[in-house]
> 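Dropping a structure here in structure tokens format, bear with me for questions.
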Amino acid sequence: AGSADTAKTFGLGRPAEADEIAAWDIDVRPDGTGLPEGSGTVAEGEVLFTDNCATCHGDFGEGAGRWPVLAGGQDTLKEDRPEKTIGSYWPYLSTVYDYVRRAMPYGNARSLSDDEVYALTAYLLYLNDVVTDEEFKLSKENFTGIHLPNEANFIADDRMAEAHNANKGDPCMTNCMAEPARITMHARVLDVTPGAGDDETSGGSVD
Amino acid sequence: AGSADTAKTFGLGRPAEADEIAAWDIDVRPDGTGLPEGSGTVAEGEVLFTDNCATCHGDFGEGAGRWPVLAGGQDTLKEDRPEKTIGSYWPYLSTVYDYVRRAMPYGNARSLSDDEVYALTAYLLYLNDVVTDEEFKLSKENFTGIHLPNEANFIADDRMAEAHNANKGDPCMTNCMAEPARITMHARVLDVTPGAGDDETSGGSVD
Amino acid sequence: AAAGAGLVSRSALAGDPLITEVQDWNRYLGDSVQAAPYGKPSEFEAHVVRRDVEWLTASPESSVNFTPLHELDGIITPNGLCFERHHGGVAQINPADHRLMIHGLVDKPLVFTMEDLKRFPRENRVYFLECAANSGMEWRGAQLNGCQYTHGMIHCVVYTGVPLKYLLNEAGVKTSGKWLLAEGADASAMTRSIPMEKALDDCLVAFKMNGEALRPEQGYPVRLVVPGWEGNMWVKWLRRLEVGDQPWEQREETSKYTDLLANGKARRFTWVMDVKSVITSPSPQAPVAHGKGPLVISGVAWSGNGTVQRVDVSIDGGRNWKTARIDGPSLSKAMHRFYLDIDWDGSPLLLQSRAMDEQGFVQPTKNELRLARGDNSIYHNNGIQTWHVKADGTVENVEVA
Amino acid sequence: AAAGAGLVSRSALAGDPLITEVQDWNRYLGDSVQAAPYGKPSEFEAHVVRRDVEWLTASPESSVNFTPLHELDGIITPNGLCFERHHGGVAQINPADHRLMIHGLVDKPLVFTMEDLKRFPRENRVYFLECAANSGMEWRGAQLNGCQYTHGMIHCVVYTGVPLKYLLNEAGVKTSGKWLLAEGADASAMTRSIPMEKALDDCLVAFKMNGEALRPEQGYPVRLVVPGWEGNMWVKWLRRLEVGDQPWEQREETSKYTDLLANGKARRFTWVMDVKSVITSPSPQAPVAHGKGPLVISGVAWSGNGTVQRVDVSIDGGRNWKTARIDGPSLSKAMHRFYLDIDWDGSPLLLQSRAMDEQGFVQPTKNELRLARGDNSIYHNNGIQTWHVKADGTVENVEVA
Ligand code: HEC
Ligand code: HEC
Ligand SMILES: [Ca+2]
Ligand SMILES: [Ca+2]
Ligand SMILES: [Ca+2]
Ligand SMILES: [Ca+2]
Ligand SMILES: [Ca+2]
Ligand SMILES: [Ca+2]
Ligand SMILES: [Co+2]
Ligand SMILES: [Co+2]
């Protein structure tokens, strides 16, 4: 009998087998680590997308109803209602492959083959004008050669440099405004009780 | 606007009306405070007890099944299985009046009149041999003249004087017993999963 | 779609199929955010419930059920698992219909609504509530196999409430007012006498537990909190507070909750809950399933005198002790969680825990208690508990010498 | 029997009949101790539930519901009311079928069962979990009338779990291992990259919340706890931990949970949840029903940087401030409860709270945030909230200047 000690090991758990690791280790990184063997073309992807994805994401990735938009939105990031898509916002193509393989189609995840995910990823590149050739074939080999347009626009967390964070110190306690405060905006959604009244709104969405 | 302050009052609540206080203020103390006007005899109490109490407490307060025993048990307090009743254990008669009025009959509390409670209390005195006359009438007037046998045996909390409490200080950590510990008793109730196995037992009860 | 294309080969792989095959919960959508507006535990936790012992009482409406301590960790008891003790069943009261009256030796007798109470300054405090009868069935010897039954008349939650002193101050206690009678609105109209000194010290009139409204079985809409003192005094469904100059000697402080000694004398007004602890795992309901090697010994300790300063654990029936690690907040009159992480060699153990509180009181052995009080006491059994862990991992409630 | 004999006269008495007449719950027995093995709130609390906002999301299985902060008090969120956010519905997993794998840049890739995890030394810690999108709908301006919706993507519970460092140590992290990928077993197979420094600091692999097993919607049987950091990283149904030398740039750290600035640049890896507070009562869903006089202003404050040092409250829209009373435990990266008890004169109020944390960070105004980041950010809105209390006691969500 002895007490706990951070440095020591406990001899708990069992070795993970190679096949077990392979079964779960499906993540893909921007440098291509994790990409499986295989390939798929834009044309193949179009068929797959129409069959498995378009009901939610629209034939051209424009999004049906409130389901996510996957294509378009280029040059909207500084506008009033930016549209963040694979083409307009996402920094890395690896994320598309990784995410579609792990989580799509929504409600039937892990049902696509590796080749099918290559084809769908190729088609999403096509819908976003990153490739223009319907015969383009995406493969493990050419994958890391492709870059998404917005990659350079991601920066490190610099919240600390914002004015209100940079100037620490005791905040003002009395007469902090020259004039009495006046109301500049009222809540737009007046009835928050779900089911009672009008649930429709022009409001934003949650991510 | 100001912050909380223990000394100040808040002006909350409303005055309690006399009738409201009277409706709830039914407690009775050993000195007779709280006793209502009225009276009742042993004989009246016997009828009431038979009608309203005996199904649970037995015709003579001996307790039906596992329902509480109300009479008897005198001189058992030092024995192996003491029987604590009004006659053998309770220090004050006021408690009988107070409790029967507030909580009995079980399942139909507050249904007895003040006279009825006097009569039942008289009958419980009779069942416990504190009075012996069936014509004895208990009333607000003679109430505090009656003392229960065990009153003198209640003492103040002196747990602090017990050996294990009196000697504070760091307890023994090593070789605290001359010999290795040996098991002197095993749990008597082996199956504690209610509903599974035998729930009957010779064990004690909870108060 | 190509559903299953990748799976055919997978199922032939070496290793645990729970890993190599895609499981339903990894593929198909689960419940939505609309499924459970008020959530409940997993179906796989259905065994984690309060349990009663039918033979203990004549009526399940004046009875007790027990907190499943062996299934819990940390210091907070979830509201759904806090043991219940009531004497006339659970009163169901609409808060709009509830009133709290203060009268007696006061300047201004007052009636408060629940809304009134919520306008006083509030406090939040973590306190254990232990029934004085907890472990009472074990007074004569080991009887029940499971800490749920031997020690489960305790819970520990965060209370939100108004300091009782604010309410008393509002009514204005006369200088002759030395005692307080607290009364419940339930079918037992529960009453207890409380000395004014305690009432003005740390008592709360609480309307919330663990952040939400009190549960009905814990006195909804409002109960008294009497920190460190026996649970029976924490009057539920609190409706009346009378100030007086003497105690009332109510049924629950004479017939019950008095401590019969060997000489026939009985102690009354034994309020403080003494320093106490119990190992919750391993224990009879939580046997060791994994054989020798790393074993987490875990338990709870508490004291009505304040914080727990130290807990020692013995694996040899009290001959030798090791100081356990107290983990998580150490708050006055609250539960404390302790652990001793050992490397079990697989041989039988006689597990004990021994708590020491901030005032230096040390948890006694059961034999020390019996020596002091005889065999006929019921309440305030804070004796050291022994669990016999056998080589096969099963655990029994035993006593040792 | 003489049932009712005493009552006939009573009903004619002056005063509140709820007092002068014997109520049913004071006469007849209530529910027994067998009625609710696992208890639930009073029927009179049926309105205290998590609520969602249907128009927010396309699918209720990838959606959010909100903690009813306006109904709660203290610092602990009851398990049944902790907001839910999931991306593929609630996975229902039998703990016997759950596995946790550690692999990648480690000496020994390992697989743990739940039983294995429970043999490591445990800790108990109180932490808030806030979604980075909390208050995100308010970025462009006041939108929702109720702190449940504006601030309800937060909860605070006690976790019991194993320090992540013990598990990593067990597998043996190679010196090249600088990042950790955490993955869930649900239908979204949720993934996030976590820097090794944080993983080895205060992260827990937790299996209990508030004493009992994790709730299914909170990741039963096991979740990651990443104290002070955005909720999305606290991977639920945790099944895999891969050690690597670089971050993975997963969907939830690129497409989502990145912060778009006015200049079109976007911040990534914004992990810490900034110092923040909100007044929970009065608030739009908790109007003032009692008119002028004593009024309890109550709220919660928290910071991913540690403890909250101070909370100031303004009743005039930020012109003048009073320091509030922080009540209850002040624990690092946990919720704090504050109160300001005022004597309301009945005139309209513009209520605000402003928290300051142990590192000296002060909660900014919404306009300061917009000035720094533009109008298109979604996450990390820790701006000061304004409630307009009108003379009739109703409350609206407004912005002021
Ligand atoms: C039944 C509706 C549905 C179907 C069918 C569907 N998706 Fe989705 N998709 C969603 C939802 C919902 C999300 C967002 C999930 C979340 O909240 O995490 C999503 C997210 C995505 C995203 C990430 C969007 C972003 O901006 O982060 C991609 C890429 C995607 N889907 C691709 C696909 C592909 C490819 C298919 C077909 C193989 C597909 N989806 C089928 C509903 C669907
Ligand atoms: C349906 C069963 C039942 C009936 C009828 C009943 N009682 Fe009781 N009585 C009980 C129970 C149960 C208790 C213990 C309640 C508790 O746990 O607090 C009790 C307790 C008592 C006690 C206190 C016993 C003690 O040792 O503390 C007295 C005195 C008493 N009853 C008197 C009466 C009288 C007088 C009547 C008739 C007017 C009556 N009871 C009718 C069930 C009953
Ligand atoms: Ca990998
Ligand atoms: Ca192909
Ligand atoms: Ca609505
Ligand atoms: Ca009185
Ligand atoms: Ca008469
Ligand atoms: Ca049984
Ligand atoms: Co006592
Ligand atoms: Co962020």
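Reckoned from all heavy atoms, side chains included, excluding hydrogens, waters and symmetry mates. Here is the naming used below: chain letters follow the sequence lines, and residue numbers restart at 1 for every chain.
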> Most heavy-atom pairs under 4.5 angstrom with chain C, which of B:Val28, B:Thr95, B:Ile155, B:Thr33?
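Highest number of pairs under 4.5 Å: B:Ile155.
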> When heavy-atom pairs shorter than 4.5 Å are enumerated against chain C, which of B:Asp98, B:Asp27, B:Asn175, B:Leu77 gives the highest number?
B:Asp27
> Counting heavy-atom pairs under 4.5 Å to chain C, which of B:Pro91, B:Pro171, B:Ala181 comes out on top?
B:Pro171
> For residues B:Lys84 and C:Lys256, determine if any side-chain heavy atom of one lies less than 4.5 Å from a side-chain heavy atom of the other.
no
> Does a sphere of radius 6.0 Å around CG in B:Asp75 hold more than 12 heavy atoms from other residues, nucleotides or ligands, not counting ones at 6.0 Å or beyond?
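Result for CG/B:Asp75: open.
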> Going by distance alone, is a donor N or O of one side chain under 3.5 Å from an acceptor N or O of the other, for C:Thr258 and B:Tyr89?
yes
> Hey, does C:Trp321 have a side-chain heavy atom less than 4.5 Å from the side chain of C:Arg354?
yes
> Heavy-atom distance under 4.5 Å to chain B: side chain of C:Met101, backbone, both or neither?
both
> Would C:Glu242 and B:Arg29 pass as an ion pair if we require N to O under 4.0 Å?
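Between B:Arg29 and C:Glu242 there is no salt bridge, as every charged N stays at least 4.0 Å from the carboxylate O atoms.
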> For C:Gln385, which of C:Glu138, C:Gln352, C:Lys366 qualifies under side chain to side chain donor-acceptor pair (under 3.5 Å)?
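One option only clears the test, and that one is C:Lys366.
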> Of the listed residues (B:His164, B:Met173, B:Glu179), which shares the most heavy-atom pairs with chain C below a 4.5 Å separation?
B:Met173
> Of the backbone (N, CA, C, O) and the side chain (C-beta and beyond), which part of B:Trp67 lies under 4.5 Å from a heavy atom of chain C, both, or neither?
both
> Top residue by heavy-atom pair count (under 4.5 Å) with chain B, among C:Asn397, C:Leu110, C:Asp274?
C:Leu110
> Check each atom of C:Leu350 against the heavy atoms of chain B and say whether the ones under 4.5 Å are side chain, backbone, both or neither.
side chain
> Parallel, tilted or perpendicular, judged at 30° and 60°: which one describes the rings of B:Tyr97 and B:Tyr118?
tilted
> Counting only non-hydrogen atoms closer than 4.5 Å, can you tell me which residues of residues 139-151 of chain B sit against chain C?
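Result: none.
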> Where does C:His47 contact chain B at under 4.5 Å (heavy atoms): side chain, backbone, both or neither?
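When you check distances to chain B, no heavy atom of C:His47 falls under 4.5 Å.
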> Chain B heavy atoms under 4.5 Å from C:Glu368: which part of the residue, side chain, backbone, both or neither?
both
> Where does B:Ala64 contact chain C at under 4.5 Å (heavy atoms): side chain, backbone, both or neither?
neither
> Name the orientation class of the two ring planes belonging to C:Phe120 and C:Phe112 (parallel below 30°, tilted from 30 to 60°, perpendicular beyond 60°).
perpendicular
> For the residue pair C:Phe66 and C:Met153, establish whether any side-chain heavy-atom pair is separated by less than 4.5 Å.
yes
> Before you tell me yes or no, could you show the steps for B:Asp114 and B:Glu37 under side-chain contact (heavy atoms from CB on, under 4.5 Å), namely the whole-Å CA-CA distance, both residues' side-chain angles and the distance that decides it to 0.1 Å?
CA-CA 8 Å; B:Asp114 294 342; B:Glu37 298 300 326; over 6 Å; no
> Which one wins on heavy-atom pair count under 4.5 Å against chain B: C:Leu371, C:Val272, C:Thr386, C:Leu167?
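Most heavy-atom pairs within the cutoff with chain B belong to C:Val272.
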> Using non-hydrogen atoms only, which part of B:Asp80 is less than 4.5 Å away from chain C: side chain, backbone, both, or neither?
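Both backbone and side chain of B:Asp80 come within 4.5 Å of chain C.
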> So, do B:Phe136 and B:Tyr126 have ring centers that fall under 6.0 Å from each other?
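That pair fails the under 6.0 Å test.
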> Among the options B:Lys78, B:Arg14, B:Met104, pick out the one with the most heavy-atom pairs lying under 4.5 Å from chain C.
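Going by pairs under 4.5 Å, I would pick B:Arg14.
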> Using the side chain to side chain contact (heavy atoms under 4.5 Å, CB included) criterion, which residues pair with B:Ala71? Sequence neighbours excluded.
B:Leu127, B:Asn128
> Name the region of C:Ala262, side chain, backbone, both or neither, that has any atom closer than 4.5 Å to a heavy atom of chain B.
backbone
> What part of C:Lys108 lies closer than 4.5 angstrom to a heavy atom of chain B: side chain, backbone, both or neither?
neither
> Using non-hydrogen atoms only, which part of C:Asp186 is less than 4.5 Å away from chain B: side chain, backbone, both, or neither?
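Looking at C:Asp186, nothing touches chain B.
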> Please check if the number of heavy atoms outside B:Phe60 that lie under 6.0 Å from its CZ is greater than 12.
no
> Determine the option with the most heavy-atom pairs under 4.5 angstrom with chain C, choosing from B:Glu17, B:Arg159, B:Met177, B:His186.
B:Arg159
> Regarding C:Glu183 and C:Thr191, do their side chains bring together a donor and an acceptor under 3.5 Å, going by distance alone?
no
> With no hydrogens and no angle check, just 3.5 Å: does a side-chain donor-acceptor pair link C:Asn376 and C:Arg140?
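Yes, side-chain donor-acceptor contact under 3.5 Å.
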> Are B:Trp90 and C:Thr254 linked by a side-chain donor-acceptor pair shorter than 3.5 Å?
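No - no donor-acceptor pair under 3.5 Å links their side chains.
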> Measure distances from B:Asn165 to the heavy atoms of chain C and classify the residue's part below 4.5 Å as side chain, backbone, both or neither.
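Looking at B:Asn165, backbone and side chain both touch chain C.
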> Would you mind checking which part of C:Val275 comes under 4.5 Å of any heavy atom in chain B, side chain (CB onward), backbone (N, CA, C, O), both or neither?
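No part of it gets close to chain B.
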> Using the six-membered ring of B:Phe154, assess whether NZ or CZ of C:Arg268 lies under 6.0 Å from its centre and within 45 degrees of the ring axis.
no
> What part of B:Ala178 lies closer than 4.5 angstrom to a heavy atom of chain C: side chain, backbone, both or neither?
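Contact with chain C: backbone only.
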> Less than 4.5 Å to any heavy atom of chain B: does that hold for the side chain of C:Glu253, its backbone, both, or neither?
neither
> Side chain, backbone, both or neither: which part of B:Glu20 has a non-hydrogen atom closer than 4.5 Å to chain C?
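Both the backbone and the side chain of B:Glu20 come within 4.5 Å of chain C.
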> Report which part of C:Pro247 has an atom under 4.5 Å of a heavy atom belonging to chain B: side chain, backbone, both, or neither.
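It is the backbone, since no side chain atom gets that close.
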> By a 4.5 Å heavy-atom criterion (distance strictly below it), what part of C:Asn232 contacts chain B: side chain, backbone, both, or neither?
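For C:Asn232, no heavy atom lies under 4.5 Å from chain B.
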> Among the options C:Asn263, C:Leu117, C:Ile102, pick out the one with the most heavy-atom pairs lying under 4.5 Å from chain B.
C:Asn263
> Return yes if a side-chain donor-acceptor contact under 3.5 Å exists between B:Ser88 and B:Thr85, otherwise no.
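Yes, a side-chain donor-acceptor pair sits under 3.5 Å.
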> Using non-hydrogen atoms and a 4.5 Å limit, figure out which bit of C:Asp375 sits close to chain B: side chain, backbone, both or neither.
neither
> Name the region of C:Trp271, side chain, backbone, both or neither, that has any atom closer than 4.5 Å to a heavy atom of chain B.
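Contact with chain B is through the backbone of C:Trp271 alone.
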> Under 4.5 Å heavy-atom distance to chain B, tell me which part of C:Glu115 shows up: side chain, backbone, both or neither.
neither
> Do C:Tyr379 and C:Glu230 come close enough that some side-chain heavy atom pair is under 4.5 Å?
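Result no, sub-4.5 Å side-chain heavy-atom pair not found.
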> Pick one of side chain, backbone, both or neither for B:Ala156, based on which atoms fall under 4.5 Å of a heavy atom in chain C.
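Only the backbone of B:Ala156 comes within 4.5 Å of chain C.
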> Is the charged tip of C:Arg192 near the ring of C:Tyr257: under 6.0 Å from the six-membered ring centre and within 45° of its axis?
yes
